[in-house]
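Only one structure is covered here, and it is reproduced in the block below.
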Amino acid sequence: MTPKITVIGTGYLGATHAAAMAELGFEVLGLDVLPEKIERLSQGHSPMYEPGLDDLLQRHVAGLPGSSGRLSFTTSYADAAAFGDVHFICVNTPQRPGEYACDMSYVDAAVDSLAPHLTRPALVVGKSTVPVGSAARLAARLAELAPAGEDAELAWNPEFLREGFAVQDTLHPDRIVVGVTSEGAETLLRELYATPIAEGSPFLTTDMPTAELVKTAANAFLSTKISFINAMAEVCEAAGGDVVRLAEALGHDERIGRKYLRPGIGFGGGCLPKDIRAFMARAGELGAAEALSFLREIDAINMRRRVLMVELTRETVGGSLLGKRVAVLGAAFKPDSDDVRDSPALNIAGQLHLQGAEVTVYDPKAMRNAQAVFPTLRYAATALDAAQGAHAVLHLTEWREFRDLDPAALGDAVTTRHILDGRNTLDPAVWRKADWTYRALGRPTA
Ligand code: UGA
């Protein structure tokens with residue numbers, strides 16, 4: 001019999017995973033504790049902006065015209081336990097306020113709420129990013145709380161999706177990693193992922209701690225690569241080099257590669273920053289703090305980018321931000337997302353505002369989320385509106401539409417033609433030709 005699936009937590013990870021499993025042909029029940037989220041999803045709408053996700057939901061959510069009907073939603077753990085053979089835990093693990101460690105309360109609550117209803121054999125599969133060792137602890141907790149006892153088994157299956165590419169990454173993963181303690185669990189997971197495996201996605205079986213570590217190690221490596229090139233940007237700035245040309249030249253070495261070597265204002269979002277901090281905290285608990293002390297430097301380089309961008313803005317507008325008008329293009333932590341969690345763009349906008357500049361922000365998708373976090377900034381309906389009267393325009397999230405901006409038209413709107421490119425995706429020659437001063441961290445001034 002085809003196993004039935006539940007997905008607990010319907011954020012970026014869970015909503016996408018639920019829709020993707022329905023797309024792969026399974027009957028899926030998504031669970032969230034927030035009724036308003038469930039209501040939106042039940043109408044086929046994603047709670048966040050994620051390209052392709054609404055289409056996928058509409059193809060499968062039960063009750064919608066022409067849908068497969070394979071995907072439904074609930075707020076009830078009893079319903080989830082009755083429905084599913086496999087339960088994916090996809091809740092978030094944010095940074096604990098005032099600490100480096102991550103907050104495991106949502107994961108713990110999911111297991112504690114589900115387990116008492118598990119009266120028949122079930123596989124609970126953790127997907128959330130957790131400190132290594134959590135899976136072993138949760139497996140014991142599950143066996144203790146579930147009426148099915150040892151027949152309620154745990155596996156760990158980290159997720160590597162990127163926001164903005166969540167649907168594609170989930171349907172066509174570049175690898176599938178599963179931490180399992182039994183052959184039965186491995187067989188079941190191979191059955192669930194039969195389609196991507198047949199397409200060529202490598203399937204790797206590991207012990208639990210390794211599976212948990214693959215995820216945190218991957219995010220630590222990606223953060224390191226970004227901070228490495230941003231450290232080179234600081235050296236270029238001091239030595240008069242061009243970090244963009246440097247990155248390009250380094251990237252041709254196949255051992256280094258071009259990806260994740262884009263210099264700029266650094267990494268943000270709900271994952272990389274908090275994951276490296278939680279990784280350091282966990283290594284400390286395990287007595288291996290020294291092994292990850294370099295991540296402290298990676299974090300520091302990254303956070304310094306934001307300060308350096310504020311300083312570059314101050315210098316550009318004549319030494320003081322007081323009363324200066326600054327247009328900020330971009331609020332999301334990356335393009336094709338409306339996520340503003342720990343967004344470098346919004347953080348820089350906030351710092352400029354707090355230091356006396358009049359900041360107007362425009363983002364194609366993240367305006368509502370940005371306004372909720374920083375209600376005191378000004379917001380404009382278009383890039384051109386944001387630029388009205390500006391003494392400097394900051395390009396801080398590399399949305400496609402910003403690459404297509406007409407420097408001449410924008411030039412007519414501003415007070416002074418200063419463009420600061422925090423993402424190095426604008427063409428300096430084009431802007432300079434239209435009489436703008438183009439500045440970027442770690443690049444020559446002209
Ligand atoms: C990241 C990882 O890429 C995913 O593999 C992982 O599954 C996910 O975290 C997670 O842990 O859930 P995501 O947060 O969606 O995915 O974003 P990325 O595309 O990795 O970008 C992170 C930040 O780094 C962005 O602010 C981006 O602008 C910045 N970045 C990225 C750079 O500054 N330079 C680069 O070369 C690449």
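As the structure is a computational prediction, the values presented were derived from the model and not from experiment. Just follow the structure's listing: the first ligand is 1, and inside any ligand the first atom is 1.
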Quick note on ligand 1: atoms under 4.0 Å from a heavy atom of Glu159 include exactly 7 (O)

Considering only the protein, which heavy-atom contact is closest to atom 6 (C) of ligand 1, and what is its distance? Leu161 O, 3.3 Å

Report the part of Lys225 (side chain from C-beta onward, or backbone N, CA, C, O) that has a heavy atom under 4.0 Å from ligand 1; answer both or neither where that applies. neither

Examine the proximity of ligand 1 to Ile265 and report which part, side chain or backbone, both or neither, has a heavy atom under 4.0 Å away. neither

I'd like to know if Gly268 contacts ligand 1, where contact means a heavy-atom distance under 4.0 Å to any ligand atom. yes

The closest protein heavy-atom partner of atom 28 (O) of ligand 1 is Arg423 NH1, 3.2 Å

Closer than 4.0 angstrom, basic N to acidic O: yes or no for Lys334 and Glu163? no

Tell me: protein heavy atom nearest atom 36 (O) of ligand 1, and distance? Arg262 N, 2.9 Å

Can you tell me which portion of Asp275 lies within the under-4.0 Å heavy-atom range of ligand 1? Options are side chain, backbone, both, or neither. side chain

Of the side chain and backbone of Leu261, name the one, both, or neither that has a heavy atom under 4.0 Å from an atom of ligand 1. backbone

If every non-hydrogen atom of Met48 is compared with every non-hydrogen atom of Ala15, which pair is closest and at what distance? CE-CB, 4.1 Å

Answer yes when Glu36 and Arg40 have at least one side-chain N-carboxylate O distance shorter than 4.0 Å, and no when they do not. no

Glu163 heavy atoms, cut-off 4.0 Å: which ligand 1 atoms fall inside? 15 (O)

Side chains of Thr16 and Glu50: any donor to acceptor distance under 3.5 Å? no

Ignoring hydrogens, what is the shortest heavy-atom contact between Ala19 and Leu56? Give both atom names and the distance. CB-CD2, 3.7 Å

For Arg277, is there an ion pair with Asp299 - N to carboxylate O distance below 4.0 angstrom? yes

Nearest neighbour in protein (non-hydrogen) for atom 3 (O) of ligand 1: Tyr260 OH, 3.2 Å

Contacting atoms of ligand 1, where contact means under 4.0 angstrom from a heavy atom of Phe267: 23 (C), 24 (O), 26 (O), 29 (C)

Below the 3.5 angstrom mark, is there an N/O of Phe160, backbone or side chain, next to an N/O of ligand 1? yes

Give the atom numbers and elements of ligand 1 that come within less than 4.0 Å of a heavy atom of Cys271. 8 (C), 9 (O), 10 (C), 11 (O), 12 (O), 14 (O)

Does Arg439 come within less than 4.0 Å of Glu237, counting only side-chain N to carboxylate O? yes

Should Glu212 and Arg282 count as an ion pair when the cut-off is N to O under 4.0 Å? no

What's the shortest distance from atom 30 (N) of ligand 1 to any protein heavy atom, and which residue and atom give it? Ile226 CD1, 3.5 Å

I'd like to know if Asp336 pairs up with Arg162 as an ion pair, taking the criterion as any Lys NZ or Arg NE/NH1/NH2 lying under 4.0 Å from an Asp or Glu carboxylate oxygen. no

Can you report which non-hydrogen protein atom sits closest to atom 27 (C) of ligand 1, along with the distance? Phe333 O, 4.1 Å

Under 4.0 Å to a heavy atom of Leu272 - the qualifying atoms of ligand 1, by number: 1 (C), 22 (C)

Please report which non-hydrogen protein atom sits nearest to atom 2 (C) of ligand 1, along with the residue it belongs to and the distance in Å to one decimal place. Asn219 OD1, 3.7 Å

Nearest to atom 19 (O) of ligand 1, what protein heavy atom do you find, and at what distance? Lys334 NZ, 2.7 Å

Does the Lys NZ or Arg CZ of Lys365 fall within the cation-pi geometry relative to Tyr49 - under 6.0 Å from the ring centre and within 45° of the axis? yes

Which pair of non-hydrogen atoms, one from Ile276 and one from Ile298, has the smallest distance, and what is that distance? CD1-CG2, 4.3 Å

Would you call Asp385 and Arg378 a salt bridge, taking side-chain N to carboxylate O under 4.0 Å as the test? no

Leu222 neighbourhood, listing ligand 1 atoms whose heavy-atom distance to it stays under 4.0 Å: 3 (O)

